[in-house]
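A short write-up of the structure that comes next.
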Amino acid sequence: DTGVSQDPRHKITKRGQNVTFRCDPISEHNRLYWYRQTLGQGPEFLTYFQNEAQLEKSRLLSDRFSAERPKGSFSTLEIQRTEQGDSAMYLCASSLLSQGGEQYFGPGTRLTVT
Amino acid sequence: GESVGLHLPTLSVQEGDNSIINCAYSNSASDYFIWYKQESGKGPQFIIDIRSNMDKRQGQRVTVLLNKTVKHLSLQIAATQPGDSAVYFCAENRWGFQKLVFGTGTRLLVSP
């Protein structure tokens, strides 16, 4: 399977704990995006990388959230001191700069904060 | 699995019917639009896209229509099949900006 992969698929954590999610984009895709989706809503943009550079962050991304893409390939999204309001599906997408906008999504990581 | 869009508008059709899903977008400066299909527990799946210099684009069994005057987008699915049952989202993007802005989804239910 050469699509976007995410790990883990599901994560249950207690409030106050830290969690980290991983995204592996489609090979050779130089752009990588993180979105968050809550029940009944469309995905909301969090941040994006072009290669290893994080070029845009949404105001939704509080200082408890940090994302990295150290070698321009896979990315991690960490949430510190999780809150119940962080419960959502975290989606990763990737695209190729030359393609002009088409983003391919992974299956998501479902986070439940208890 | 996860249920996406518990309170979404719903379109119910019979297998074999044609389906039309509508979307109103918000930003008149948007120049690129995508339709995604999302099944329960899965990420959005690309269906078809269209740029603002076009009014219509056709794919396999799907057609997207763009009316920039009223900022309206529609997705037509021909000969709808039970496997088309999912939540459908439109998304908009503007040149120079990377994020996609998603609209309210529509749940499509196809009865055999």
Check whether [X] and [Y] end up in the same hydrophobic cluster, where Ile, Leu, Val, Met, Phe, Trp and Tyr are linked by side-chain heavy atoms less than 4.5 Å apart.
X      : Y     : answer
B:L75  : B:V87 : no
B:V101 : A:W34 : no
B:I21  : B:L73 : yes
B:I48  : B:L11 : yes
B:V13  : B:W35 : yes

Toward chain B: residues of residues 52-78 of chain A with heavy atoms under 4.5 Å:
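Checking residues 52-78 of chain A against chain B gives A:E56.
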
Please output the residues of residues 43-50 of chain A in contact with chain B, using a heavy-atom cutoff of under 4.5 Å, in numerical order.
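When heavy atoms of chain B are the reference, residues 43-50 of chain A contributes A:P43, A:F45, A:Y48 within the under-4.5 Å range.
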
Please say whether more than 12 non-hydrogen atoms of neighbouring residues, nucleotides or ligands are located less than 6.0 Å from NZ in B:K56.
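No.
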
With a 6.0 Å cut-off (strictly less than), is the heavy-atom count around CZ of A:R15, excluding the residue itself, greater than 12?
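No, not enclosed.
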
Straight-line distance of B:K99 NZ to A:Y35 OH, nearest 0.5 Å:
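B:K99 atom NZ to A:Y35 atom OH measures 9.0 Å (nearest 0.5 Å).
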
Closest approach of A:Q103 to B:Y36 (non-hydrogen atoms, all atoms of both residues)
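Closest pair (atom of A:Q103, atom of B:Y36, distance): O-OH, 2.6 Å.
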
Heavy-atom distances under 4.5 Å only: say whether B:I34 touches chain A with side chain, backbone, both or neither.
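Side chain only.
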
Does any N or O in the side chain of A:R9 come within less than 3.5 Å of the main-chain N or O of B:G41, such that one atom is a donor and the other an acceptor?
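At least one qualifying donor-acceptor pair exists.
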
